[in-house]
Each structure stands twice: as C-alpha cells, then as structure tokens.
There are 2 protein chains.
Amino acid sequence: MKPKLSDVAEEAGVSPTTVSRVINNHGYLSARTKQKVYDAMEKLHYQPNSLARSLKGKKTKIIGLIFPGITNPFFAELIEKLEKQLFLKGYKVILCNAADDIAKERDYIKMLIANQVDGIITGAHNLGIEEYQNIHLPIVAFDRRYASGMPTISSDNLQGGILATQTLYEAGARHIYFMGNPNQKGNPTDRRLQGYYQQMTKLGLESQVMPIFFDETPKIKKVSIQRFLKERKADGIVCSDDLTAILVLQSAKELQIEIPDTLKVVGYDGTTFIQTYFPELTTIVQPLDDIAMMLVESLLNRMSNRVDKLGENDFILPVSLHHGATI
Amino acid sequence: MKPKLSDVAEEAGVSPTTVSRVINNHGYLSARTKQKVYDAMEKLHYQPNSLARSLKGKKTKIIGLIFPGITNPFFAELIEKLEKQLFLKGYKVILCNAADDIAKERDYIKMLIANQVDGIITGAHNLGIEEYQNIHLPIVAFDRRYASGMPTISSDNLQGGILATQTLYEAGARHIYFMGNPNQKGNPTDRRLQGYYQQMTKLGLESQVMPIFFDETPKIKKVSIQRFLKERKADGIVCSDDLTAILVLQSAKELQIEIPDTLKVVGYDGTTFIQTYFPELTTIVQPLDDIAMMLVESLLNRMSNRVDKLGENDFILPVSLHHGATI
DNA sequence: TTGTAAGCGTTATCAG
DNA sequence: CTGATAACGCTTACAA
C-alpha cells in the first residue's frame, strides 16, 4: 500500500499534524523534528496525496487548456508556451482537445469542473460564449470576440488583414483575393477578412473571397485551390492561415504558376515552425510569446483578484510581417 | 458556494446515499426518486467533485502523458491520437512536457503520482529506466530499449534504417551518410543508425556519420548542414528525422545542389503533416495509429491485470516507405 | 427501495 | 514547539 501521512508520522515518532506542518512549512518546528520527518518521508518514499489536500480546500494547481487540436503548429506552439509558463509558476496542465466537436468541448468543461481546476484557458471556438458565462471559474479566452465578462487576448486580426492586403498591393498585385472561412462571427478569421475588405475599399479595388473551410481536410482544400488557381483570376492571395498558404504554393507549383511573378501569396500566423521550415512564405506573424504571457497573466490575475474591473482585461496585441520570397 | 451532494439530497428530499446511487447507477431505485434527484441536480447545476470521489478509492480516470514536446509534428500527432483514444475510453490526459529537462521530467512524475493518475505513457528519454522502475504505477513507454518490466511500444527502427539505406542505394547513391545523433543508448535513433550500419556493410559500402544533435536549434543545425554539404562528399543521406531532412533540402537548394540528381535524401517519421505539406520528401513512415493504439491498449491492460507476464508486452511495429521526389 | 454512519488522506483549529 | 480532533465531499457496508 502507498504510504500515507500517518505512516510517516508513525515512522518518525511524531503526530500527523507535525508531519503536515513540516510538509507545508507551517509554524515553528525544531530542526530535529523536521529532520526526523524528512528522514521518514525519504525512507518510505512518501508522496503527499494532492487529492486529499485539495479536498481540504487547497488549490489543485491545475489549469485546463481547451484547444481545437495540437497538430496545427500554431496551437502546438501556443500550448507549449502556455505549459512552459504555467509550469514555472507551479501549475500543471490538463489538455483538452475540443477537436471542433461541441459535445466534446462540453464534456471536457464538465470534467475540468469536476476535477476542481483552478482556471481555464480556452482557444476553442465551438461553444457560444453564453455557455461559458455560467461557469463560475476563472476563464480567459484566446481570440474570441464579444466575450462580455471573459477576458480575451488576441492579436490584431483586423490590422493583420490590412497589412497582408497592403503588402500584396505594394508588391504589385491588383487582383487580390481573400482565401479562408467567409464571415464566421466570433471566429478570428472574420476580423482578418474585415481588414482585407477595409483595405481593398481604401485601395479602390474589388474584394473577392475564395471560401475555404477550416474543417476540411488538406486534400479537399487542395482540390478547391487547384480549381481556383486554374482560372487564373488572382495575382495575389491573402490566406487566412499559413497551412492554407502552403497548399496554395504547392498547387501553384504543380500548375506551373510562377511565384511571386504571376501570383503573390501572404500567409497568416507566422509560427516559429513555419518560419523555420517554410522561410520562403511571406506571412503575418502573431506574437505568440506575448499572447501566451498575457493569457497566463490575465488568468492568474483573475484567479487572485476575485473582483476586477471587467473589460479592462482585453488585450489586442500587434502583428508583424515576415517577408519571404512569395511576394 | 458550490453545491454538494448533500445539497442535492436536501433539495430532492432524499438522503445523500440515494443521490450517490443515482449518480453511479447503483442498485435499485424507484423511477420517481431518480427523477427527483435528477431535477434537483439540474436545478442546482450540480457537478460531482471528482477529488472526493477518487479519495474514496475510485480511479481518477486520468492518464499522464510525458513527452519531450509538442511542436515536433511527430509528437503532436502521436499525442493527439493518444488523447483521442483515451477520451473515448473515458480518460482525461495530463500533458507533461519534459522538454529535454531531467529535473522537469522528475517533477512531473512526482506530480502525477501526487495526483493519483491511473497510469502513465511516456515518450521522453531523459530519465534512465531505473528511475521509472520504482514507480508503482502502470507505465508503458514509447520507443525505449532495455526497459525490463516496462512494456515498450516502438516501430521497427532497425528495419527503418535498413530500408532508408537500401532505398538510397537502389536509387543509385553510393556515398551514403547517416545524419543524426550518433550512438545514444536507449535512444531510438540508435537503432536506426544500427540499421544503416548493417545495411552499408551488407552493401560493401563505407559507413559515415554526420552528427546532428537533437537539442540543437534548427538554425545551428542548418549551419552544420551547410558546412557539410559544401564538401559534397555525400550523394545520399539517411536523416534521423523529417525535420532534419527538410533542413537538408533547404540547404541544398541554397547551395544549388540538385535534388535528387546530385543528392538524394530520405527522412524519418512520415507524419501526416509532413506527408501533406512536404509531399516531395521521401521518408520512412512510422505507423502512428498503430503505435497509439498499442500504447493505449497496453496501458489499459497493465491497469486491469495486476499481474501480467512481463516481456510479452513489447511490440515492434513495421515501418513503411513514402516515396517522394527527393530520391 | 432507502437511510445511517464510518472513513478515504489531508489540513485547520484549538489546546497544551 | 507539538498534538488531538473535526472537517473537506463523496462512497459503501450495514441496517431498516
């Protein structure tokens, strides 16, 4: 059987209370007692039971992370950064892969509550904000809009859309398309699209959207992209994310469309991964380090100050441009 | 205050026991009582406290996953598959990023024990097997050797090394190098290297290793690779993983070395991600679905059968070849 | 079919 | 400086 606190107490010849005090560095204890307890713990390979501890009102020191998946390098990097920061502050992480599945997301939220997590960071977009409203738990969100009461961290998607469009324009493109999820409220891509619209209008050009949906497999996406490229209407494409942009590059190559001469492409996200392994891709870079830091800080804030002024926790972080050869 | 089981009982006008029975579907209950309890739970937004439940001897239904990171698509995909399978079986996952950090891995293991996880799947390689030996918890490992007593699932790294080498040979390469971590015992790359050696000997060719270390950043790796390629000694390279292979392709392009005419490259891992976004890369494909399935099955097995015959739980799954344009 | 009471491993309170 | 005791929220014999 696993040793428990009372076993340690017996071994050390002291009371359970004393052992607990030693573990938690609580109150005054003689050095000799401390040592005895340490020795006993060592000898029995004692590990305190977090469950019992948390049941007694202590924090679990666990944070739930809800994201749509980890195979997209963007989320992989964000999650890794979050985990790193949280670990340094003494928190562990339960990873919830919502996988574009409403039921799964709901299940996971229930589970997190049942496990008494101290807080939640969500980056999934399945559930409406309403569903999150009556969870009485500190939550912060990545990249959501209209989240009244729930702090939201995001990068400047509107500006990103503008920047991408403007960059293509300056490089000489005039038939600039937006490729991505058209008009999904609450979805960050929407703001990118708005930025595109806004800038196109300003430039006196006609906006055109080539719809590509997030939940399609890359193969399906590629078929649509090929079909689209064959028509050769565009000389510039703002892609809603880097992976889509890469499919565009692949397709262009297969169709022998010259990049950037005939077609210029700008991606979106600019993860370290993409910048390393696809350095040629011009892309809008989201400041992942800052995003992760703000998410953690915001959550920790929320967890300590029980009442903080709502609305003041929203942050929109600036994006930048990685200039590659696709433009 | 959060509602507890006794609040529900009071609301429903029954005893706590009855509520507990309803929740756990235990014994006989009148339909009317059940309904009353359900209504009360609904009304109070009751969520059972998993901690208390587990304290009372119930399983936590949590599995710890220890891996060296999630930004490498290989681990991202493996972890995602593991999470998916475990979720279906009612388990949640605590993600532990060991990050090539011995202390962190040790910390995480302690934490997992403290949180009474039901089992652990480890894919990190920092700690010696000895350290895992005296954890009295079901554990299975991915890609470890010599793990006496701990079931180990891996793909056939030896065969992979042979296959990669043979493929290059058949494509006409004669100066075939192995690029990767040289000779690290316990590390899977080692077996790949052995396969390379073995096949080179069989082919009557001279083995040559170009050392590249896992913990180096891509930028540093790339500098070494560039230097290596400039000498133009190799006409074929077996890379220990796909990401390294991509750096080789990049460097070759920059140095205007023709692929595959002047230099042929084979990668290793063959994730869906790489096959999708770098389809041109020829690579040895590890059967990720099977690996994930075996890991889960093996762990669940371990968790139920308290005594199973050791040694019969090791599995080495076959690899295959994805044929791309780099050869 | 339902209820009473003890106990899971820890910590907080109150004595000493 | 140290110890006894109750309590955290739930499950499970054992009764009724």
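The sequence lines fix the lettering, A, B, ..., with proteins before strands; numbering per chain opens at 1.
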Participant: For D/dC8, does either OP1 or OP2 sit under 4.0 Å from a side-chain N or O belonging to A/K58?
Facilitator: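 No, A/K58 has no side-chain N/O under 4.0 Å of OP1/OP2 on D/dC8.
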Participant: Report the residue from A/V117, A/L299, A/V296, A/I94 that forms a side-chain contact (heavy atoms from CB on, under 4.5 Å) with A/I63.
Facilitator: A/L299
Participant: Check the angle between the aromatic planes of A/F67 and A/F75 and answer parallel, tilted or perpendicular using the 30° and 60° thresholds.
Facilitator: tilted
Participant: Output yes when A/E83 and B/K104 qualify as a salt bridge under the 4.0 Å nitrogen-oxygen rule, no when they do not.
Facilitator: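 Salt bridge flag = yes for B/K104 with A/E83.
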Participant: Counting only heavy atoms and a strict 4.0 angstrom limit, can you tell me which residues of residues 30-40 of chain B come near DNA chain C?
Facilitator: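 Within residues 30-40 of chain B, the residues near DNA chain C are B/S30, B/T33.
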Participant: Between B/T17 and B/G57, which residue's closest nucleotide on DNA chain C lies nearer the 5′ terminus?
Facilitator: B/T17
Participant: Let me know the distance between CG of B/N25 and C1' of D/dT11, rounded to the nearest Å.
Facilitator: 15 Å
Participant: Does A/D314 use its side chain to pair, donor to acceptor, with the backbone of A/T152 at less than 3.5 Å?
Facilitator: yes
Participant: CG of B/L51 versus C1' of D/dT11: gap in Å, rounded?
Facilitator: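 The distance from CG of B/L51 to C1' of D/dT11 comes to 15 Å, rounded to the nearest Å.
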Participant: Within the 4.5 Å heavy-atom criterion, are B/I70 and B/L95 side-chain neighbours or not?
Facilitator: yes
Participant: Without hydrogens or angle criteria, can the side chains of A/S30 and A/T33 be said to hold a donor-acceptor pair below 3.5 Å?
Facilitator: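 Side-chain D/A pair, A/S30 to A/T33: present.
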Participant: From the list D/dT2, D/dG9, D/dT12, which nucleotide is the closest neighbour of the side chain of A/T18?
Facilitator: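 Closest nucleotide among those given: D/dT2.
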Participant: Whether B/K81 and B/D289 form a salt bridge (side-chain N of Lys/Arg under 4.0 Å from carboxylate O of Asp/Glu) is what I want to check.
Facilitator: yes
Participant: Expressed in angstrom and rounded to an integer, what is the separation of B/I23 atom CD1 from D/dT12 atom P?
Facilitator: 12 Å
Participant: Using a heavy-atom distance cut-off of less than 4.0 Å, which residues of residues 3-15 of chain B contact DNA chain C?
Facilitator: B/V14, B/S15
Participant: Quick check: does any side chain N or O of A/S298 sit under 3.5 Å from a backbone N or O of A/L295, one acting as donor and the other as acceptor?
Facilitator: no
Participant: Atom CZ of B/R21 to atom P of D/dG9: distance rounded to whole Å?
Facilitator: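 In whole Å, D/dG9 P lies 21 Å from B/R21 CZ.
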Participant: First and last nucleotide of DNA chain C touching chain A, 5' to 3', heavy-atom cut-off 4.0 Å?
Facilitator: C/dG9 to C/dC14
Participant: Over how many whole Å does the gap from A/L55 atom CG to D/dT11 atom C1' extend?
Facilitator: 13 Å
Participant: Find out whether B/M293 and B/L82 are in side-chain contact, i.e. whether some heavy atom of one side chain is under 4.5 Å from a heavy atom of the other.
Facilitator: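 A side-chain contact is absent here, since even the closest heavy-atom pair is not under 4.5 Å.
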Participant: Decide yes or no for B/N49 and A/L55: does some side-chain heavy atom of the first lie under 4.5 Å from some side-chain heavy atom of the second?
Facilitator: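 Yes; the side chains approach each other to less than 4.5 Å.
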Participant: How are the rings of B/F87 and A/Y108 set to each other: parallel, tilted or perpendicular (split at 30° and 60°)?
Facilitator: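 B/F87 vs A/Y108 ring planes: tilted.
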Participant: Would you indicate which nucleotide in D/dA6, D/dC14, D/dT11 comes nearest to any side-chain atom of A/K56?
Facilitator: D/dA6
Participant: Starting at CG of A/N49 and ending at P of D/dC8, how long is that distance when rounded to a whole Å?
Facilitator: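 One finds 18 Å between P of D/dC8 and CG of A/N49, rounded.
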